[in-house]
Amino acid sequence: MDLESVHQRYARCSRCPLHRGRTRIVLGEGNPASPLMFVGEGPGADEDRQGRPFVGRAGQLLNRMLEAAEIPRAEIFITNIVKCRPPGNRTPHEEEMETCITILREQFVAIRPRLIVTLGSAPTRALIDPDARITRVRGQWVERKGVRMMPTFHPAYLLRNPEAKREAWIDFQAIRDAYREVLAAPR
């Protein structure tokens with residue numbers, strides 16, 4: 001199934017209680033053939049209004065980080081572990097992530113990324129290790145079924161803790177280097 005079909009299939013999703021409070025579902029955006037996928041926690045207020053991931057303050061910081069790392073946002077795919085805004089921008093609950101991970105898995109199958117960056121603890125726990133603590137695992141590549149994954153800080157965390165930007169920049173340099181390697185390798 002291609003990405004457009006996946007998105008059409010879930011455009012009116014009501015599989016978990018989060019759908020009740022949403023304005024718009026935020027399935028993701030970007031290049032459907034990208035070898036690099038970013039997975040955040042969940043849509044915030046701006047994302048819920050626009051139906052697009054990472055468009056608020058955290059998204060603006062992510063854009064600056066991508067630009068500094070010379071990774072064009074339009075060339076990658078960006079999504080979240082949950083597709084509807086949790087109330088008050090809280091961290092998604094385990095059962096919400098477990099419900100939405102079906103959509104994410106179908107997105108993975110359609111896109112077939114070779115690199116995945118998890119932004120924050122929720123997607124890191126859902127995709128890499130349920131017991132992971134982002135402060136301990138960030139910046140470390142993990143390989144699963146031929147896909148390399150790196151957890152790093154969520155841009156919203158960096159807005160609240162600017163002293164962590166240095167560590168995040170180190171991660172983004174490693175992401176950039178891995179992305180360039182994948183682009184240069186035959187597919």
Open item on the list: Test your reading of the model: is there a side-chain donor-acceptor pair from Arg73 to the backbone of Asn63, 3.5 Å cut-off?
Closed with: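 Checked: no pair found.
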Open item on the list: Within the supplied structure, the quantity of interest is the number of heavy atoms (other residues, nucleotides, ligands) at a distance under 6.0 Å from Arg133 CZ; does it exceed 12?
Closed with: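 No, CZ of Arg133 has 12 or fewer neighbouring heavy atoms, counting only those of other groups under 6.0 Å.
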Open item on the list: If you count every heavy atom of other residues, nucleotides or ligands that lies below 6.0 Å from Glu67 atom CD, does the total exceed 12?
Closed with: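 Result for CD/Glu67: open.
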I'd like to know if [X] pairs up with [Y] as an ion pair, taking the criterion as any Lys NZ or Arg NE/NH1/NH2 lying under 4.0 Å from an Asp or Glu carboxylate oxygen.
X: Glu167; Y: Arg138; value: yes
X: Asp48; Y: Arg24; value: no
X: Arg125; Y: Glu94; value: yes

Task: Set of residues satisfying side-chain contact (heavy atoms from CB on, under 4.5 Å) with respect to Arg160, sequence neighbours excluded - done: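 So Arg160 forms a side-chain contact (heavy atoms from CB on, under 4.5 Å) with Ala156, Tyr157.
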Side-chain heavy atoms of [X] within contact of [Y], under 4.5 Å:
X: His19; Y: Lys83; result: no
X: Met37; Y: Ile111; result: yes
X: Gln107; Y: Leu3; result: yes
X: Ile175; Y: Phe38; result: yes
X: Glu41; Y: Asn89; result: no
X: Pro53; Y: Glu29; result: yes
X: Thr102; Y: Tyr10; result: yes
X: Leu104; Y: Ile81; result: yes

